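FYI, the numbering just counts along the sequence from 1. Note that the coordinates shown come from a computational prediction; the quantities given were computed from them, not determined experimentally.
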Amino acid sequence: MQRVITTLIAISLAQFVSAKEVEAIGKMLETRSPHPTQLTVKYKDQRYPVIRMKKWDPLIMVDSREKRLRSERDYMPRRATAYGPERVELKKVEYGGMQQLRVETHGKPMMGSHPGIGEFKGIFKSRRTLKDAFITIVIYTPHMFLSPEHYAYYPYYSIFVLAKELPDLPAGKEVSVRFTTKMPAVFPDQRYFVQVFDGNGHEAKTNVMQNGWPYFALTERKLLKEAMVRYKERFVDQDNAVTPIVMMNPLLPENITPPETPITATFTVSVEGLTKDISIKNANEESLNQAVREAVQGWLFLPRLVSGEPVESLVEVPIQF
């Protein structure tokens with residue numbers, strides 16, 4: 001019987017990953033495309049958008065009435081069509097804490113849930129006065145997006161989402177935010193990202209919002225792989241045209257005026273349903289070209305089928321702003 005010891009260790013959520021895992025995850029993280037999102041919570045076997053928070057309690061709309069959930073929350077971020085109108089700058093953001101872990105005799109932490117307290121702190125500065133805003137901290141590990149065989153070795157991998165009401169953020173004023181939380185389960189390569197939502201549940205644009213884009217890209221590519229299996233089963237030995245699955249809009253820099261004429265993106269859809277060999281036409285400024293390219297890099301498709309087999313195809317899409 002293997003002896004274990006118990007110890008207190010400090011946990012800082014960062015990137016701890018092996019070389020092979022870096023390579024596997026890196027292939028899935030070639031793009032950092034815009035992913036505006038919405039926080040949802042499960043209530044009576046259905047998911048509802050969170051419109052705002054009261055301290056730690058989410059508020060949702062049920063049958064046209066506002067309802068406050070006070071029991072255990074099952075949060076899940078999901079894609080939204082666009083970012084909200086607010087813009088918030090975050091500085092000195094940190095999340096970590098202390099956790100009591102059972103450790104094997106050779107010093108390796110035993111993964112899973114253990115007693116512990118986490119702490120979040122950061123400085124928030126909103127462009128406009130922002131009331132009823134809330135913050136989410138999404139904690140995950142890229143291991144959960146690897147092969148089923150790898151995932152089976154760590155069967156408890158999942159995301160952990162914290163949500164809490166923020167104090168009022170006066171326009172242009174720095175506000176220090178600090179609070180404690182229950183620490184999530186500990187796994188290798190754990191990382192996190194922070195999102196800010198306004199009082200209507202719309203994600204605000206922040207200077208750290210891109211930290212969450214890899215998570216959503218990984219999520220959608222995993223779903224695409226699963227959809228590909230069903231797609232090929234449905235069209236066995238048949239031909240079928242390329243079908244769009246995810247086509248997010250470009251996120252234009254603030255100093256760019258949306259062009260009046262369409263910008264054309266030409267690219268190849270690979271047999272895996274990913275875009276490559278991207279060419280952008282009619283984008284007169286480099287920052288505009290880059291914004292469109294980043295969006296297109298995250299587009300996902302069910303590829304064209306010839307006699308039931310995926311083949312590459314050339315696609316041209318006009319983008320109207």
Salt bridge flag under 4.0 Å for residues E226 and R230: no
Sub-4.5 Å side-chain heavy-atom contact between I123 and V177: no
I319 side chain reached by T264 side chain, heavy atoms, under 4.5 Å: no
Stepwise side-chain contact (heavy atoms from CB on, under 4.5 Å) test for L314 and T266: CA-CA 7 Å; L314 187 65; T266 304; 3.9 Å; yes
Nearest atoms (heavy-atom pairs only) where V50 meets M53: CG1-SD, 3.9 Å
Proximity of F216 and F193 rings by center, below 6.0 Å: yes
Value rounded to 0.5 Å, distance of CG in N240 from NZ in K232: 13.5 Å
Full working for side-chain contact (heavy atoms from CB on, under 4.5 Å) between F134 and V196: CA-CA 6 Å; F134 63 94; V196 177; over 6 Å; no
Minimal non-hydrogen separation, V246 against G298, with atom names: CG1-O, 4.1 Å
Any side-chain donor near an acceptor of the partner, Q195 and T206, under 3.5 Å: no
Ring pair (Phe, Tyr, Trp, His ring centres under 6.0 Å) pairs, two or more places apart, involving residues 58-82: none
Residue pair E233, V229: steps toward the side-chain contact (heavy atoms from CB on, under 4.5 Å) verdict: CA-CA 6 Å; E233 289 175 347; V229 175; 3.8 Å; yes
Expected output: side-chain T243 to main-chain L302 donor-acceptor under 3.5 Å: no
Listed partners of R87 passing side chain to side chain donor-acceptor pair (under 3.5 Å), at least two apart: E254
Backbone of M76 reached by a side-chain donor or acceptor of T40 within 3.5 Å: yes
Considering all heavy atoms, the nearest R68-L59 contact: CG-CD1, 4.1 Å
Ring pair (Phe, Tyr, Trp, His ring centres under 6.0 Å) partners of residues 236-261, not counting sequence neighbours, each pair once: none
Cluster overlap I256 with V296, hydrophobic side-chain contacts below 4.5 Å: yes
N/O donor-acceptor pair under 3.5 Å between S126 side chain and R128 backbone: yes
Ring pair (Phe, Tyr, Trp, His ring centres under 6.0 Å) assessment of F179 paired with W56: CA-CA 11 Å; F179 55 84; W56 293 95; 5.6 Å; yes
Other residues, nucleotides, ligands: >12 heavy atoms within 6.0 Å of N255 CG: yes
Co-membership, hydrophobic cluster, residues I51 and I60, 4.5 Å side-chain: no
Side-chain H-bond candidate by donor/acceptor type, H202 with Q38, under 3.5 Å: no
Trace of the side-chain contact (heavy atoms from CB on, under 4.5 Å) decision for K92 with K121: CA-CA 8 Å; K92 300 181 179 179; K121 54 185 177 181; over 6 Å; no
Approximate separation, where rounding is to 0.5 Å, of M209 CE and L90 CG: 11.5 Å
pair T181-E119: side-chain heavy atoms closer than 4.5 Å: no
Shortest non-hydrogen separation from N249 to T81 and the atoms involved: ND2-O, 4.3 Å
CG-CG distance between N200 and D132, expressed to the nearest 0.5 angstrom: 8.5 Å
Hydrophobic cluster identity match, M247 and I278, side-chain contacts under 4.5 Å: yes
Closest heavy-atom pair and its distance - Y231, A241: OH-O, 3.6 Å
Within-4.5 Å side-chain heavy-atom neighbours: D57 and L69: no
CZ-OG distance between R293 and S279, expressed to the nearest 0.5 angstrom: 7.0 Å
Any residue meeting salt bridge (charged side-chain N to carboxylate O under 4.0 Å, His left out) with K276, in chain and number order, not counting sequence neighbours: E312
Transitive ILVMFWY side-chain link V41 to V62, under 4.5 Å: yes
Side-chain touch Q290/I280, heavy atoms, less than 4.5 angstrom: no
Residues, nucleotides or ligands: over 12 heavy atoms within 6.0 Å of R78 CZ: yes
V175 vs P170 side-chain heavy atoms within contact, under 4.5 Å: yes
Pair E66-R52, salt bridge (Lys or Arg N to Asp or Glu O under 4.0 Å): steps then yes or no: CA-CA 10 Å; E66 192 175 274; R52 62 182 178 277; 2.5 Å; yes
Nearest heavy atoms of P303 and V271, plus distance in Å: CG-O, 3.3 Å
Any residue meeting ring pair (Phe, Tyr, Trp, His ring centres under 6.0 Å) with Y83, in chain and number order, not counting sequence neighbours: none
Any side-chain donor near an acceptor of the partner, D74 and Y43, under 3.5 Å: no
Audit row: E220, H35, side-chain hydrogen bond (donor to acceptor under 3.5 Å, both in side chains) steps and yes/no: CA-CA 11 Å; E220 291 174 344; H35 281 77; 3.1 Å; yes
Separation between NZ of K125 and CG of L130, rounded to the nearest 0.5 Å: 14.5 Å
S307 and E309: side chain donor to acceptor below 3.5 Å: no
Euclidean distance, T129 OG1 relative to E86 CD, rounded to 0.5 Å: 9.5 Å
Partners passing ring pair (Phe, Tyr, Trp, His ring centres under 6.0 Å) against F160 (at least two apart in sequence or in another chain): none
Heavy-atom neighbours of E260 CD exceed 12 at 6.0 Å: no
